Amino acid sequence: MTVRVERTFELSVSPADVWAFISDPEKRADAISVVDSYTTSGDTTTWHVELPIPVVRSTIDVETRDVEVDPPTFVKFVGKSGIFNVTGEHEINEVEGGGSTLTNRFVVDGKVPGVEQFFKRNLDDELDRLQRKLEEDGKTGAD
């Protein structure tokens, strides 16, 4: 089963601040609650993911890399592991009068039972978390 989600939210921070966050693979990894830690080597960021599902008893290494980058408005990444694959897209647009919108598209393909259900139940919360992190980072960067 494949889980797909698309969600757009409005942010009070500038498109440049959103780009600075969303184009940084480490900041993206840090915004995901199930990413326990991550390592970066060259153009690959490996997420060390802990999924609270019965069939997964250890940390999953998900090798991610950006596959399409169109500064300063679009980034697409792909993550691969033995448990699931994920594709994420982030598209930034300026809002008249200040701020920006961020359109997020994710596709998760699970390879073991329970992975899709976990992401289906939790992707909205993960996107809420991403939105909070973007707002916090944008305010910190503006100081």
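A quick note: this is a predicted structure, and the numbers were derived from the prediction, not measured. Numbering of residues begins at 1 and proceeds along the displayed sequence.
Formation of a donor-acceptor pair under 3.5 Å by the Arg129 side chain with backbone atoms of Ala31 is found in this model. Here the side chain of Gln131 pairs no donor or acceptor atom with the backbone of Leu11 at under 3.5 angstrom. Panel note: side chain Arg28, backbone Ile22; a donor-acceptor pair is recorded below 3.5 Å. Listed for the Thr64 side chain is a donor-acceptor partner under 3.5 Å among the backbone atoms of Thr45. With hydrogens and angles disregarded, no donor-acceptor distance shorter than 3.5 Å links the side chain of Ser41 to the backbone of Thr44.
With sequence neighbours excluded, no residue satisfies salt bridge (charged side-chain N to carboxylate O under 4.0 Å, His left out) with Asp30. Residues that satisfy the salt bridge (charged side-chain N to carboxylate O under 4.0 Å, His left out) test with Lys76, not counting sequence neighbours, are Glu89.
Considering OG1 of Thr87 and CD of Glu68, their distance stands at 11.5 Å, rounded to 0.5 Å. Atom-to-atom distance recorded for Asn85:CG and Lys80:NZ is 6.0 Å, nearest 0.5 angstrom. Distance check, rounded to the nearest 0.5 Å: CG of Asp137 to CG of Asp17 gives 7.5 Å. Rounding to the nearest 0.5 angstrom, the gap separating the CD1 atom in Ile32 from the CG atom in Leu127 is 10.0 Å. With rounding to the nearest 0.5 angstrom, the CG atom of Asp61 is 8.5 Å from the OG atom of Ser37. Taken to the nearest 0.5 Å, the CG atom of Asp36 stands 11.5 Å off from the CD1 atom of Ile60.
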side-chain contact (heavy atoms from CB on, under 4.5 Å) between Val18 and Leu134: does it pass, once the steps are laid out? CA-CA 7 Å; Val18 175; Leu134 278 158; 4.1 Å; yes
Is there a side-chain contact (heavy atoms from CB on, under 4.5 Å) between Asn104 and His90 once you walk through the steps? CA-CA 5 Å; Asn104 306 277; His90 303 284; 2.7 Å; yes
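Clustering ILVMFWY residues whenever any of their side-chain heavy atoms sit less than 4.5 angstrom apart, transitively, puts Phe106 in the very cluster that holds Ile83. Both Val5 and Val75 belong to a single network of hydrophobic side chains, linked directly or stepwise wherever heavy atoms of I, L, V, M, F, W or Y lie under 4.5 Å apart.
Between the side chains of Thr103 and Glu6, no donor-acceptor pair of N or O atoms lies under 3.5 Å. When only modelled atom types and interatomic distance are considered, Ser33 and Glu126 share a side-chain donor-acceptor pair under 3.5 Å.
Note on residues 2-34: no pairs pass ring-ring contact (aromatic ring centres under 6.0 Å, His included), not counting sequence neighbours. Every pair passing ring-ring contact (aromatic ring centres under 6.0 Å, His included) that includes a residue from residues 27-55 is listed here, sequence neighbours excluded: Trp47-Phe77.
Between Gly138 and Val13, the shortest heavy-atom distance links the atoms CA-CG1, 3.4 Å. In terms of heavy-atom proximity, Pro15 sits nearest to Gly99 at CD-O, 3.6 Å.
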Would you tabulate the side-chain donor-acceptor contacts of residues 112-125 under 3.5 Å, counting partners in other chains and residues two or more places apart, or write 'none'?
from	atom 1	to	atom 2	distance (Å)
Glu116	OE2	Met1	N	3.4
Asn122	ND2	Phe118	O	2.7

Could you give the side-chain donor-acceptor pairs of residues 91-98 under 3.5 Å, partners two or more places apart or in another chain?
from	atom 1	to	atom 2	distance (Å)
Glu91	OE1	Arg105	NH2	3.3

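Looking at heavy atoms from C-beta onward, Asp66 lies in side-chain contact with Pro25 at the 4.5 angstrom threshold.
Surrounding NZ of Lys27 are more than 12 heavy atoms belonging to other residues, nucleotides or ligands, all under 6.0 Å away.
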